[in-house]
Amino acid sequence: FCPSRCSYCSFVSHSVEKAGKLSPAYVDCMVREIAAAGESAARCGMKLETIYFGGGTPTVLTADQLRRVTKAVKDHFDVGAAREYTCEAGRPDTIDKEKLQVLKEGGVTRISINPQTMDDDVLRIIGRRHTAADVEASFGLARSIGFTNINMDLIAGLPGDNAEGFRR
């Protein structure tokens with residue numbers, strides 16, 4: 001699920017405006033799948049090295065839904081033994097203090113804030129509902145919560161972008 005569908009996106013995803021009513025059932029299924037995967041891994045003697053919670057924008061879920069997912073991961077895997085636990089907090093318009101605290105408390109060690117561009121005109125063209133200033137504010141908020149490992153994705157060649165804009 002994402003707040004909106006970006007013009008360049010080829011992932012199977014749905015806007016929360018259109019499909020958000022499915023998210024509670026989706027989270028229920030995800031929690032059951034995490035439990036089953038944890039049981040299977042334990043039977044096989046497997047341990048996680050990394051955890052990646054992403055695809056779409058997980059932070060479009062409510063704080064309570066995120067808490068359920070991170071709790072399921074903690075309940076069924078040794079999160080502390082993982083080298084890295086990443087959550088794609090992809091869109092600044094889905095990040096707030098409560099959600100970041102839930103992720104931190106859930107054991108997430110790295111977040112990915114994905115502006116794709118820091119050019120407000122390009123953001124508007126691709127269908128994003130945030131600004132470059134929102135990205136910077138989200139980054140600062142994540143730092144204030146205690147996240148020290150934050151990556152950001154940028155995409156070269158977005159509609160409306162050019163080499164000079166990308167360099168900026």
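FYI, side chains are in, hydrogens and waters are out, and symmetry mates aren't considered; it's all heavy atoms of this structure. FYI, the numbering just counts along the sequence from 1.
V135 and P92 make their closest contact through CG2-CG, 3.5 Å (heavy atoms, listed as atom of the first residue, atom of the second, distance). Nearest heavy atom pair, residue I125 against residue G160, reads CD1-CA, 3.9 Å. Shown here for S138 and I95, the closest heavy-atom pair between the two residues is CB-CD1, 4.1 Å. Between A41 and F77, the shortest heavy-atom contact is CB-CE2, 4.1 Å. Between A82 and I51, the shortest heavy-atom distance links the atoms CB-CD1, 4.3 Å.
Expressed to the nearest 0.5 Å, how far CG of D96 lies from OG1 of T62 amounts to 10.0 Å. Atom CD1 of I126 is separated from atom CG of D121 by 11.5 Å, given to the nearest 0.5 angstrom. The CZ atom of R91 sits 10.0 Å away from the CG atom of N114 when rounded to the nearest 0.5 Å. Here K74 contributes atom NZ and R67 contributes atom CZ; the two are 11.5 Å apart, rounded to the nearest 0.5 Å. In this structure, S23 OG and Q65 CD are separated by 4.5 Å, a value rounded to the nearest 0.5 Å. Note that CG of L103 is 5.5 Å distant from CZ of F147, once rounded to the nearest 0.5 Å.
Between the side chain of K99 and the backbone N or O of A63, no donor-acceptor pair lies under 3.5 Å. Although no hydrogens or angles enter the test, the distance criterion places a donor-acceptor pair under 3.5 Å between the side chain of T117 and the main chain of D119. A side-chain donor-acceptor contact under 3.5 Å links T70 to the backbone of L66. Counting only distance, with no hydrogens or angles, the side chain of D161 and the backbone of L158 share no donor-acceptor pair below 3.5 Å. No donor-acceptor distance shorter than 3.5 angstrom exists from the side chain of K47 to the backbone of A81, with no hydrogens or angles considered. Distance alone, capped at 3.5 Å, is enough to place a donor-acceptor pair between the T109 side chain and the Y85 backbone. The closest donor-acceptor contact from the side chain of S144 to the backbone of L141 lies under 3.5 Å. Of the possible polar contacts, one joining the T131 side chain to the D134 backbone as a donor-acceptor pair under 3.5 Å is found. Using a distance-only test at 3.5 Å, with no hydrogens or angles considered, no donor-acceptor pair links the side chain of K71 to the main chain of G106.
The number of heavy atoms from other shown groups lying within 6.0 Å of CD (E84) is above 12.
Side-chain polar atoms of Y52 and E88 form a donor-acceptor pair below 3.5 angstrom. The closest side-chain donor-acceptor pair between D153 and Q116, if any, does not fall under 3.5 angstrom.
Using a 4.5 Å cut-off between side-chain heavy atoms of Ile, Leu, Val, Met, Phe, Trp and Tyr, with links allowed through other members, I150 and F53 fall into the same hydrophobic cluster.
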Using the rule given for side chain to side chain contact (heavy atoms under 4.5 Å, CB included), can you reason through V27 versus V69, listing the C-alpha separation, both sets of side-chain angles and the distance that settles it, and then say yes or no? CA-CA 7 Å; V27 170; V69 173; 4.1 Å; yes
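Contact check for T86 versus I111: no side-chain heavy atoms found under the 4.5 Å cut-off.
Salt-bridge check for R68 with D28: passed, with a basic side-chain N closer than 4.0 Å to an acidic carboxylate O.
The one candidate from T50, N149, N151 that meets the side chain to side chain donor-acceptor pair (under 3.5 Å) condition with R110 is N151.
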